[in-house]
Amino acid sequence: MAKEYNFREIEQKWHRLWTERQTYKVVEDEDRKKFYVLNMFPYPSGAGLHVGHPLGYIASDIFARYKRLQGFNVLNPMGYDAYGLPAEQYAIKTGQHPEKTTFANIDRYREQLDKIGFSFDWDREVRTCSPDYYHWTQWAFQKMWGSYFDEELQKAQPIEKLIEKLKQEGRWPADEQAQSDLLMNYRLAFLGETMVNWCPKLGTVLANDEVVEGVSVRGGYPVEQKKMRQWCLRVSAYSQRLLDGLDTIDWSESIKETQRNWIGRSEGTEIEIPYVLSPSGESEGGRFTIFTTRADTMFGVTFFVLAPESELVDKVTTPEQRAAVDEYLKYVKSRTERERMIDHTVTGVFSGAYGINPITGDKCPIYIAEYVLAGYGTGAIMAVPAHDSRDYAFAKHFGLPIIPLVEGADVSEDSYDAKEGIVMNSPVSPDKSVEYDGESLCLNGLTIKEAIAETKRFVEAHKLGRIKVNYRLRDAIFSRQRYWGEPFPVYYKHGIPTMIPEECLPIELPQVEKFLPTETGEPPLGNAQVWAWDEVNRKIVDKALIDEKTVFPIELYTMPGFAGSSAYYLRYMDPHNDKALVSPEAAAYWQNVDLYVGGSEHATGHLIYSRFWNKFLFDLGVSKKEEPFQKLVNQGMIQGRSNFVYRIKETNTFVSFGLKDQYDVTPIHVDVNIVKNDVLDLEAFKAWSPEYATADFILEDGKYVCGWAIEKMSKSMYNVVNPDMIVENYGADTLRLYEMFLGPVEQSKPWDTNGIDGCFRFLKKLWALAQSILNNQSNQSTPTAENLKTLHKLIKKVTADIEAFSYNTSISAFMVAVNELSQQKCTSRDILEPMVILIAPFAPHIAEELWEALGGEGSVCDARWPQYEEKYLVETSVKLGVQFNGKVRFDMLFPADATPEQMIALATSAPEAQKYLDGMQVVKTIAIPKRIVNIVVKPQA
RNA sequence: GCCCAGAUGGUGGAAUUGGUAGACACGAGGGACUUAAAAUCCCUUGGCCAGUGAUGGCCGUACGGGUUCGAUUCCCGUUCCGGGCACCA
């Protein structure tokens, strides 16, 4: 009597045994090659996991288990990104300490994760909010404070080295405040007075990637620009290395491209422009610098433009224009960032001054206009209306001349921005090009690319400017005006920021009564009473003791979300080390993450910060690899599939989907959990909400059919599917299989519980096959050639598919193989055993159970992945379609080792071929062994 | 506007990178077993046409061209959907 597939019993049993036997504990082992698999750790939200969350975890768990079966020592850890805004906002609303809600959520996550059967080593769990973890976040911050970026070495160096250099150069001030201010310009973590994204509603500043289209990503509140003193990380120093590193890692092209855009390297030229305060030029002005990527267009410059925020504005404004300029600056100030971003109306004002084009000698008016940004390049541009659409619009508006410089370019309606074509009018006549050391610039006849290179050479040779690389990447604002984050290990000694000694870390987050800013507008940490630094006793003391001599105030800001998530992968290597972030031995063994799985929405946030952070730690020698994540897989989002019922307006009658067009109806979201295959469970619907208890239905074919739509998975759309429910009804193995079977991991796709039966059936078939083999008393039975062929085909396919991260196709291959073996009435344990190992990464519970039944050693996790042998796959003959003129006409068998000549001979002599050859002559023949036979014929002349 | 990635049955998706398109699964239809239901098993299932029939023919991978004996795959153009960047000079 064959045992039923009782997944509940099996899964509970193995969860217990895995814990008891510590099956997933990982220790460093020099004798085995390492493999590091990592998921982006989750923020434990109050809503718990829905069915979309585990997708990436399952995908990486499969890979981790596969690598382990191949003999690798696999690190596959999990932890929590525990600091975050939702817990804090909940605390503000309810007074509940964020730690309490966060820990409760973590427990709930853990419970849900445990049901799915991951091979995580929970001994290595990290939580960003625990002091022994953020100890090292604070430590890294202090290291950044103590470092600067050496442009020549292109790496971080101790700040002491810079001080030494400054002393030698005689630039080291005596005054302490002045020293502090000077070093602030170099430190990798520094206090900067910068324009920040200030969100009044959230009461905090935000990083660039936390703001989209002028509103906060979290909450969608308006964000304004405000000048504030904030902690910053000099991410921009690493721009070039962040860019170059992308070529060394195995990430998708689209995410690399996103990062390249975000870094925004542009190679251009800075050119010095002298200016005068009147057209005749008698009153001398000074000079300013412009940045351009189109140096070739120097001959087409008809005006210059300064950003309104530029310090030059004041200098170039003539007394006559003063009133107009002030008026304009007032207007610009009144506009929010958002208005400026959306509304591109042409505005600007003439400054009264003229810039002198060093190439042509022409004097061109200098304008002030908001379309030029202060934060990019030099905040000043040369305007070439013929070849830049923004300059073009400006020139048209103010009636300024437009000089075309590219042959055949029509600039009567629009500018010609393309970088293709042959240059002309450069210069219009030889006397329009200024001579330097007997040389004058002429670009006529060159392509634009050649012209750019030639102009660069000319500008450099005659010291008119320099070649300059600009990056769009900004320094990261590193402080937040919040409570629930890492406190800064910094105090203010007579106003000078000073680090709390390294030995005194971690500085623990103080307790507060209220999580809101103080009445005086200080951040929430201002509410903490015990929050002052006693320099002598080296400890945190009551604020009341602040005495201006030895007790000083501590920083009230906290660190942003990305602080804790930037180096967590290093901590997993050595999570309990209280002497270092990671020991040199552990870092040397685990190196970096081999496979990183997570969402692509982190492309310009976490994935940039983390790379920056790691590069810094690499410069320090802490991290052993320059790039933290060698291969990155971005799992797609699981969308919800919502169901609708259709209520006839003003009634409590619902009409089935197919008949709804005959009535005036309102579609209403209905809980997907009471709908199966789009058919509504009427009783469950009535019980769902009191308002539907008395509902009437108009059915079709005796059923109520629901409509559906693909939407985001969310509570309000009643389309959330909870993994617990799936595990309860089908088991974790089925859930794991189905999540992967749904389609490629990288692809976003809707969740549709309807298809899950297929995977469930497959496991039941596998179970039945295994039982029939296990119950076969004569277990002498050796596998047949057919059995072996099926098995080895499967080994080959599954191995290749897992390597390619193509899990859906390997599951299909399993389905085929199990069907084949069942049909073959396979009785061999020699076939079952490798099958069990092959399925183990996908469905670990059933695999363990069968492994035990087969009498396997220990856990199936420690088995060896089977190798396929080509000899079982050899075909003696191959069925191929014989084509005439590219169309398949009939099938025939060919010996597998037939040469092309033999194949042609066999095909042309086949009886079926005769009707295609009759009256024809063979023009050409193509035969590729095991692939194709094609005979090209044409009517005989 | 610029850059990237896509488009295949009723549905999710395959196709050894140029070689018989639609594997596998869901759904649907038909059948077997059963008092019945569940479960299980078998058959059909891209479209159109012809035939009693096994079967045969034509069309078909968003659209229009091209290269090729042969194109879902390569090239050119168009449309649509998704993602990123964006007064970045």
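These numbers were taken from a predicted model, which means no experiment stands behind them. Just so it is clear: chains get the letters A, B, ... in the order the sequence lines come, proteins before strands, and each one is counted from 1.
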My understanding is that only residues two or more places apart in sequence, or in another chain, count here; which of them pass ring pair (Phe, Tyr, Trp, His ring centres under 6.0 Å) with A:Tyr872? A:His792

Is A:Gln747 touching bases, backbone alone, or none of the nucleic acid, heavy atoms closer than 4.0 Å? sugar-phosphate

Sequence neighbours excluded and cut-off under 3.5 Å, please list the side-chain donor-acceptor pairs for residues 737-745 of chain A, or say none.
unit_1	atom_1	unit_2	atom_2	d
A:Tyr738	OH	A:Asp752	O	2.5
A:Tyr738	OH	A:Gly755	N	3.4

If the P atom of B:U78 is compared with that of B:C2, how far apart are they to the nearest Å? 11 Å

Atom NZ of A:Lys749 and atom C1' of B:U8: how far apart are they, to the nearest Å? 18 Å

Whole-Å gap separating C1' (B:A14) and OH (A:Tyr807): 18 Å

Keeping to residues at least two apart or across chains, list the salt bridge (charged side-chain N to carboxylate O under 4.0 Å, His left out) pairs with something in residues 759-772 of chain A. none

Name the nucleic acid region contacted by A:Lys256, choosing base, sugar-phosphate or nothing; use a 4.0 angstrom heavy-atom cut-off, strictly under. nothing

Between B:U11 and B:G46, how many Å separate the two C1' atoms, rounded to a whole number? 13 Å

Would you kindly give the CD-to-C1' distance between A:Glu746 and B:G6, to the nearest whole Å? 14 Å

Would you check if the side chain of A:Asn634 reaches a backbone N or O of A:Gly598 as a donor-acceptor pair within less than 3.5 Å? yes

Distance alone, cut at 3.5 Å: any donor-acceptor contact between the side chains of A:Tyr471 and A:Gln240? yes

Nearest-Å distance, CG (A:Asn729) to P (B:A39)? 13 Å

What string of B, S and - do you get for nucleotides 72-77 of chain B 5' to 3' if you count protein non-hydrogen atoms under 4.0 Å? ------

Does A:Lys879 put a side-chain nitrogen or oxygen below 4.0 Å from OP1 or OP2 of B:U20? no

If the glycosidic angle sits within 90 degrees of zero it is syn, else anti. Tell me which applies to B:G9. syn

Mind checking what makes ring pair (Phe, Tyr, Trp, His ring centres under 6.0 Å) contact with A:Phe644, not counting sequence neighbours? A:His669

Produce a footprint string for nucleotides 22-33 of chain B: one letter per nucleotide, 5' end first; B if the base is under 4.0 Å from any protein heavy atom, S if only the sugar-phosphate is, - if neither. -BBSSS------

Residue set satisfying ring pair (Phe, Tyr, Trp, His ring centres under 6.0 Å) with A:Phe762, at least two apart, ordered chain then number -> none

For A:Phe394, all residues meeting ring pair (Phe, Tyr, Trp, His ring centres under 6.0 Å), sequence neighbours excluded: A:Phe303, A:Tyr367, A:Tyr371, A:Phe398

Taking A:Leu373's backbone N and O only, do any of them form a donor-acceptor pair with A:Glu309's side chain (distance below 3.5 Å, no angle check)? no

Check for a donor-acceptor pair, side chain of A:Asn719 on one end and backbone N or O of A:Asn643 on the other, with a separation under 3.5 Å. no

Separation of A:Ile381 CD1 from A:Phe291 CZ (nearest 0.5 Å): 12.0 Å

Show, in sequence, the C-alpha distance, side-chain angles and deciding distance for A:Thr347 and A:Tyr328, and conclude whether the side chain to side chain donor-acceptor pair (under 3.5 Å) test is met. CA-CA 9 Å; A:Thr347 65; A:Tyr328 183 67; 2.7 Å; yes

Residue-level proximity of residues 789-799 of chain A to RNA chain B when a heavy atom falls under 4.0 Å: none

Just to be sure I understand the rule, does A:Pro744 reach a base, reach only the sugar-phosphate, or reach nothing, if contact means heavy atoms closer than 4.0 Å? sugar-phosphate

So how far is it from A:Trp751 CH2 to A:Ile726 CD1, rounded to the nearest 0.5 Å? 5.0 Å

Output one letter per nucleotide in nucleotides 82-89 of chain B: B when a protein non-hydrogen atom lies under 4.0 Å from the base, S when only the sugar-phosphate is that close, - when neither is. --BSSBBB

Distance in angstrom units between A:Lys930 NZ and B:U16 P, rounded: 17 Å

With a non-hydrogen cut-off below 4.0 angstrom, is A:Ile928 in contact with a base, only sugar-phosphate, or nothing? base

Please figure out whether A:Arg889 or A:Gln823 has its closest RNA chain B nucleotide nearer the 5' end. A:Gln823

Mind checking if A:Asp891 touches a base, just sugar-phosphate, or nothing, with heavy atoms under 4.0 Å? base

How close or far is atom P of B:U16 from atom CG of A:Leu880, stated in whole angstroms? 16 Å

Pairs meeting criterion side chain to side chain donor-acceptor pair (under 3.5 Å) with involvement of residues 289-301 of chain A, two or more places apart: A:Glu272-A:Thr289, A:Arg294-A:Asp296

In RNA chain B, stems of three or more consecutive pairs, Watson-Crick or G-U, each with both distances under 3.5 Å, turn out to be B:1-4 with B:82-85, B:10-12 with B:24-26, B:27-32 with B:40-45, B:46-50 with B:55-59, B:62-66 with B:74-78

Keeping A:Asn470 on the side-chain end and A:Ser266 on the backbone end, is there a donor-acceptor pair under 3.5 Å? no

In whole Å, measure the gap between the P atoms of B:A7 and B:C88 for me. 32 Å

Specify whether A:Tyr416 and A:His387 have parallel, tilted or perpendicular ring planes, treating 30° as the upper limit for parallel and 60° as the lower limit for perpendicular. perpendicular

How far, in whole Å, is B:U61 from B:G9 if one measures between their C1' atoms? 10 Å

Any donor and acceptor pair, going by atom type alone, linking the side chain of A:Ser351 with main-chain N or O of A:Ile366 inside 3.5 Å? yes

